[in-house]
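Please read all numbers here as calculations on a predicted model, not as lab measurements.
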Amino acid sequence: SCPADMTVFAQSGSCSASVNYIPPVGTDNCNGAVTALIAGPASGDVVQVGTTPVTYRVTAANGATATCSFNITVRDINLPSINCPANITMNVAPGQCNAVVTYTAPVGTDGCSGPTTIQTAGLASGSTFPLGATTNTFRVTDASGNTATCSFTVTVQDTQIPTISCPANITVNA
């Protein structure tokens, strides 16, 4: 008889786990039964995220066989990481109430391959940002659905001095 199905968690920063279990030992009414791993990882092996079947076979001295199987599931619970740029402050463009702002968009990373990063709020780099503060938020999602977010603020400020035109002096008789 094989061990029950088992679930383990991936090691931090990794997409795998070292898995230990007690290997089954087959028996027979006559001496000479041999038990062998015929599919899957041995106890102590490193197993990748996902479900991996393990099968053992016992062979009796007379050649009769029996098999048993169980599954090892490695779950990725490690969060991906993402780092946003520092907050940005820009002055409005001359004669405007906005500014074109460029920044390096953050890209998330993960111990497993395939994280995707999307912008969930704010404006893309190279956009015209309005006067005031705009919060830009990015989210990275790994292949196991774990997420992490970061945000930064782009502040556009009006530092232009206003102008005023007065009419010419007026002279009137009393």
Chemist: Measure the OG1-CZ distance between T134 and F129 for me, rounded to the nearest 0.5 Å.
Modeler: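 Reported value, rounded in 0.5 Å steps: 6.0 Å.
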Chemist: Are F9 and I72 connected in a single hydrophobic cluster, I mean Ile/Leu/Val/Met/Phe/Trp/Tyr linked by side-chain heavy atoms less than 4.5 Å apart?
Modeler: no
Chemist: Can you check whether Q11's main-chain N or O pairs, donor with acceptor, with N78's side chain at less than 3.5 Å?
Modeler: yes
Chemist: Does the side-chain contact (heavy atoms from CB on, under 4.5 Å) test come out yes or no for V49 and S144, once each step is laid out?
Modeler: CA-CA 9 Å; V49 167; S144 295; 4.2 Å; yes
Chemist: In the structure I gave you, are the side-chain heavy atoms of C97 and P130 within less than 4.5 Å of one another anywhere?
Modeler: no
Chemist: Can you list every pair that meets side chain to side chain donor-acceptor pair (under 3.5 Å) and has a residue in residues 19-36, with sequence neighbours left out?
Modeler: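 Counting only pairs at least two positions apart or across chains, the side chain to side chain donor-acceptor pair (under 3.5 Å) contacts touching residues 19-36 are Y21-Y56.
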Chemist: Could you tell me which residues satisfy side chain to side chain donor-acceptor pair (under 3.5 Å) with T149, sequence neighbours excluded, listed by chain and number?
Modeler: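 So T149 forms no side chain to side chain donor-acceptor pair (under 3.5 Å) with any residue.
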Chemist: Taking side chain to side chain donor-acceptor pair (under 3.5 Å) as the definition, give me every residue that meets it alongside N146, ordered by chain and number, with sequence neighbours left out.
Modeler: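 Partners of N146 under the side chain to side chain donor-acceptor pair (under 3.5 Å) test: D142.
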Chemist: What distance do C150 atom SG and N83 atom CG have between them, rounded to the nearest 0.5 Å?
Modeler: 6.5 Å
Chemist: Checking side-chain contact (heavy atoms from CB on, under 4.5 Å) for the pair Q119/N136: CA distance, chi angles, key distance, verdict?
Modeler: CA-CA 7 Å; Q119 186 169 6; N136 295 289; 3.2 Å; yes
Chemist: Could you tell me which residues satisfy side chain to side chain donor-acceptor pair (under 3.5 Å) with T55, sequence neighbours excluded, listed by chain and number?
Modeler: S69
Chemist: In chain order, what residues pass the side chain to side chain donor-acceptor pair (under 3.5 Å) check against T89, with sequence neighbours excluded?
Modeler: none
Chemist: Could you name each residue pair satisfying side chain to side chain donor-acceptor pair (under 3.5 Å) that touches residues 154-163, not counting sequence neighbours?
Modeler: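 Applying side chain to side chain donor-acceptor pair (under 3.5 Å) to every pair that reaches into residues 154-163, excluding sequence neighbours, yields N91-Q157.
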Chemist: Residues in disulfide bond (SG atoms under 2.5 Å apart) with C68, at least two apart?
Modeler: C2
Chemist: If we only count heavy atoms from C-beta on, is the P3 to P24 side-chain gap below 4.5 Å?
Modeler: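 Yes. Closest side-chain heavy atoms under 4.5 Å.
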Chemist: Taking only residues at least two apart or on different chains, which pairs with a member in residues 154-174 satisfy ring-ring contact (aromatic ring centres under 6.0 Å, His included)?
Modeler: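 Checked against ring-ring contact (aromatic ring centres under 6.0 Å, His included) - neighbours excluded - no pair reaches residues 154-174.
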Chemist: Would you find a donor on one side and an acceptor on the other, under 3.5 Å apart, between the side chain of D76 and the backbone of C15?
Modeler: no
Chemist: Looking at P85 and T104, what are the two nearest heavy atoms and their distance?
Modeler: CG-O, 3.7 Å
Chemist: Cluster partners of I118, using ILVMFWY side-chain heavy atoms under 4.5 angstrom, listed by chain and number?
Modeler: none
Chemist: Please find the pair of heavy atoms, one from V74 and one from A17, that lie closest to each other, and give the distance.
Modeler: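 Scanning both residues completely, I find the closest heavy atoms to be CG1-CB, 4.0 Å.
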Chemist: Please name all residues satisfying side-chain contact (heavy atoms from CB on, under 4.5 Å) with A36, sequence neighbours left out, ordered by chain then number.
Modeler: none
Chemist: Hey, what do you get for CG (N98) to CE (M90), rounding to the nearest 0.5 Å?
Modeler: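 Those atoms lie 11.0 Å apart.
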Chemist: Could you report the tightest heavy-atom contact between L123 and S127, atom names first, then the distance?
Modeler: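 Heavy atoms only, the tightest pair is CB-CB, 3.9 Å.
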Chemist: side-chain contact (heavy atoms from CB on, under 4.5 Å) with S81: which residues, sequence neighbours excluded?
Modeler: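 Partners of S81 under the side-chain contact (heavy atoms from CB on, under 4.5 Å) test: T109.
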Chemist: Could you walk me through whether I82 and T117 satisfy the side-chain contact (heavy atoms from CB on, under 4.5 Å) test, starting with their C-alpha distance in whole Å, then the side-chain angles of each, then the deciding distance to 0.1 Å, before giving a yes or no?
Modeler: CA-CA 9 Å; I82 188 167; T117 304; 3.7 Å; yes
Chemist: Kindly give the heavy-atom pair with the smallest separation between C84 and S151, and that separation in Å.
Modeler: SG-N, 3.5 Å
Chemist: Should V34 and V25 be counted in the same cluster of Ile, Leu, Val, Met, Phe, Trp and Tyr side chains packed under 4.5 Å apart?
Modeler: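 No.
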Chemist: Between the side chains of T141 and T147, does any donor sit under 3.5 Å from an acceptor?
Modeler: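 Their side chains do not contain a donor-acceptor pair, so the 3.5 Å distance test is not met.
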Chemist: For residues V58 and I38: do they belong to one hydrophobic cluster (side chain heavy atoms under 4.5 Å, members Ile, Leu, Val, Met, Phe, Trp, Tyr)?
Modeler: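 Each belongs to a different hydrophobic cluster.
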Chemist: In terms of hydrophobic clustering (I, L, V, M, F, W, Y; side-chain heavy atoms under 4.5 Å; direct or indirect links), are I88 and V107 co-clustered?
Modeler: no
Chemist: Hey, does P41 have a side-chain heavy atom less than 4.5 Å from the side chain of T52?
Modeler: yes
Chemist: Walk me through whether N169 and T171 qualify under side-chain contact (heavy atoms from CB on, under 4.5 Å).
Modeler: CA-CA 7 Å; N169 291 341; T171 303; 5.6 Å; no
Chemist: Listing request: all ring-ring contact (aromatic ring centres under 6.0 Å, His included) pairs with a residue in residues 134-174, at least two apart in sequence or in separate chains.
Modeler: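 Only Y103-F152 qualify under ring-ring contact (aromatic ring centres under 6.0 Å, His included).
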Chemist: One pair to check against side-chain hydrogen bond (donor to acceptor under 3.5 Å, both in side chains): T51 and T73. What are the steps and the verdict?
Modeler: CA-CA 4 Å; T51 300; T73 300; 3.1 Å; yes
